[in-house]
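Written below as structure tokens is the structure these notes are about.
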Amino acid sequence: MIRVTVITDKLGRPLQDLRISVIDRCNFRCTYCMPKEIFGRDFVFMPREQLLSFEEIERLAAIFIDLGVKKIRLTGGEPLLRRDLPVLIEKLMSIEGLEDIGLTTNGSLLGHMAEKLKKAGLKRVNVSLDALDENLFKSINDSGVGPDRVLKGIQKAKEVGLEVKVNMVVKKGMNDKEVVPMAKYFKEQGITLRYIEFMDVGQSNGWDFSSVVTKKEIFEQLSQHFDMVPVDPDYIGEVAKRYQYVGSRTEVGFITSVSESFCSTCTRARIAADGKMYTCLFAENGFDFKALLRSDKSDVEVRNEIIKIWNNRTDRYSDERTEESARTKKKIEMSYIGG
Ligand code: SAM
Ligand code: SF4
Ligand code: SF4
């Protein structure tokens, strides 16, 4: 394929990153993401044939890379539940032009999988962990998994040479007491910890502004224990605001989707497990690429469709969020689109 010039949306933002959700299922039921009252035993997940196959993902990814995507992140649901995931990673890594591939996981299966993932070519993994306190963590993931299993997964990932970052969603009254213990633990381990502001994704997590712990509040807590200096972003559009602990090389970061939105530099497209493309985490509707891939459309036709969608993109939900839009706007679920 011939590389076209970088495509931009209506606000001048280039298409540079692609997040692919490989599965909508998860072995956790985090109360802020897949609460059991909604994602219970009767919940109907996608049947296997609705998921994009590895061949379809590879074909679509190659077209996106040809259009300027440099980084791919695999997510879910829980991506490590997707059978043979390392095979997909190997396929993606072989596409010319892709610079980086990452994975976001709850870490529960990382101990078993880390070596295979590394061998397949994965370089980086983001592990979600919301508390170190055993009972609290179990009550958040609502699946009986303790933090030890995730910490062992992190340890294994480090041992095999994967770069590890830890993500912690902070929700008022849920785990704000864990902000400092988590910082102390991961500073000691030399692992970057990133605090994520609780967001109003989906329809099922009962979000409101009062449940958000902002970067400012977290920073104030941390400042009582650590000296931190800001670190310049590595590239335009870097999502986390980064700091370094003084006297250490370890960093800590903040993903401030609510208190300091970053839509003006949002270069991310998302593909859900059923092949729908979304141009915003808070979108209501997606574009059905599975249907296109399973029709007789050529790569050029698929690519033209992506260009059309991206050229028309105007999304800036977080910049415009209000109490009213957070409550009333219809949005897709985080476990479906993958964050
Ligand atoms: N299951 C994997 C995991 O937990 O890492 C990947 C998918 S999960 C949807 C991706 C990330 O989204 C996780 O770090 C999770 O904590 C975060 N997340 C889920 N719901 C969220 C919310 N309402 N606000 C902020 N982050 C959220
Ligand atoms: Fe599963 Fe990740 Fe959602 Fe937790 S945050 S329920 S681990 S998809
Ligand atoms: Fe990007 Fe939408 Fe998030 Fe803004 S709200 S940063 S456009 S995903």
Side-chain angles (χ1 to χ4, degrees), residues 9-11 13 15-17 19-36 38-39 43 45 73-82 102-110 125-131 137 140-143 145 150 153 165-171 174-175 193-208 211-213 237-239 255-258 260-270 272-273 278-284 310 313-321 325-326 329 331-339:
D9 68 9
K10 286 241 186 289
L11 303 175
R13 299 168 295 189
L15 170 58
Q16 283 179 349
D17 308 272
R19 298 197 173 187
I20 305 175
S21 169
V22 292
I23 193 162
D24 60 337
R25 288 163 205 260
C26 187
N27 55 341
F28 281 11
R29 286 291 177 274
C30 302
T31 48
Y32 58 80
C33 178
M34 296 181 81
K36 270 189 184 157
I38 291 162
F39 295 88
F43 187 84
F45 289 98
R73 171 160 298 280
L74 300 176
T75 175
E78 175 44 45
L80 296 184
L81 289 181
R82 178 80 190 245
L103 172 82
T104 303
T105 171
N106 64 28
S108 60
L109 303 170
L110 197 54
V125 49
N126 289 356
V127 181
S128 307
L129 179 68
D130 298 327
F137 184 61
I140 296 171
N141 69 51
D142 209 6
S143 319
V145 176
V150 179
K165 288 191 183 118
V166 171
N167 288 341
M168 170 186 183
V169 174
V170 191
K171 182 180 168 195
M174 179 178 87
N175 60 345
L193 171 65
R194 297 176 331 162
Y195 298 96
I196 305 180
E197 291 178 349
F198 179 44
M199 294 186 282
D200 54 320
V201 273
Q203 306 290 125
S204 52
N205 69 8
W207 186 95
D208 68 54
S211 49
V212 179
V213 186
E238 191 170 38
V239 173
I255 302 182
T256 59
S257 329
V258 180
E260 294 171 37
S261 57
F262 37 79
C263 298
S264 62
T265 54
C266 178
T267 54
R268 289 174 289 284
R270 296 175 156 87
Y278 292 86
T279 55
C280 179
L281 191 51
F282 300 88
E284 183 177 344
W310 195 262
R313 175 182 189 241
T314 55
D315 306 281
R316 50 193 294 269
Y317 176 81
S318 287
D319 279 355
E320 298 172 329
R321 177 188 287 108
S325 68
K329 187 181 182 303
K331 299 168 231 139
I332 41 171
E333 293 297 332
M334 190 71 146
S335 54
Y336 164 72
I337 193 68

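Just follow the structure's listing: the first ligand is 1, and inside any ligand the first atom is 1.
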Check each atom of ligand 3 against the heavy atoms of [X] and keep those under 4.0 Å away; list them by number with element.
{"X": "Arg270", "result": "8 (S)"}
{"X": "Ser318", "result": "5 (S)"}
{"X": "Phe282", "result": "5 (S)"}

I'd like to check [X] versus [Y] (side-chain heavy atoms, cut-off strictly below 4.5 Å). Are they in contact?
{"X": "Asn175", "Y": "Val170", "result": "yes"}
{"X": "Arg321", "Y": "Ser318", "result": "yes"}
{"X": "Val213", "Y": "Tyr195", "result": "no"}
{"X": "Met34", "Y": "Phe43", "result": "no"}
{"X": "Ser128", "Y": "Thr104", "result": "yes"}

Short question: side chain of [X], backbone of [Y] - any donor-acceptor pair under 3.5 Å?
{"X": "Arg316", "Y": "Ser261", "answer": "no"}
{"X": "Trp207", "Y": "Ala326", "answer": "no"}
{"X": "Glu78", "Y": "Phe28", "answer": "no"}
{"X": "Arg29", "Y": "Asn141", "answer": "no"}

TODO: Kindly write out the residues that satisfy ring pair (Phe, Tyr, Trp, His ring centres under 6.0 Å) with Tyr317, not counting sequence neighbours, or none if the list is empty.
DONE: Phe282
Open item on the list: Taking salt bridge (Lys or Arg N to Asp or Glu O under 4.0 Å) as the definition, give me every residue that meets it alongside Asp142, ordered by chain and number, with sequence neighbours left out.
Closed with: Lys36
Could you tell me the residue and atom name of the protein heavy atom closest to [atom], and the distance to it rounded to 0.1 Å?
{"atom": "atom 4 (Fe) of ligand 3", "value": "Cys263 SG, 2.3 Å"}
{"atom": "atom 8 (S) of ligand 3", "value": "Leu281 N, 3.3 Å"}
{"atom": "atom 2 (Fe) of ligand 3", "value": "Cys280 SG, 2.3 Å"}
{"atom": "atom 7 (S) of ligand 3", "value": "Asp315 O, 3.6 Å"}

Task: N/O/S from Cys266 sitting under 2.8 Å away from atom 1 (Fe) of ligand 3 - done: yes
TODO: Everything protein-side that's N, O or S and under 2.8 Å from atom 1 (Fe) of ligand 2: list it, residue and atom.
DONE: Cys26 SG
Task: Sorted by chain and number, the residues that approach ligand 1 to under 4.0 Å with a heavy atom - done: Tyr32, Cys33, Thr75, Gly76, Gly77, Glu78, Thr104, Thr105, Asn106, Ser128, Val169, Ile196, Glu197, Phe198, Met199, Val201, Asn205, Met334, Gly338
Open item on the list: I'd like to know if Asp200 and Lys331 make a salt bridge, using a cut-off of under 4.0 Å between side-chain N and carboxylate O.
Closed with: yes
- [ ] Consider only side-chain N and O atoms of Asn27 and Ser108, and report whether a donor and an acceptor are under 3.5 Å apart.
- [x] yes
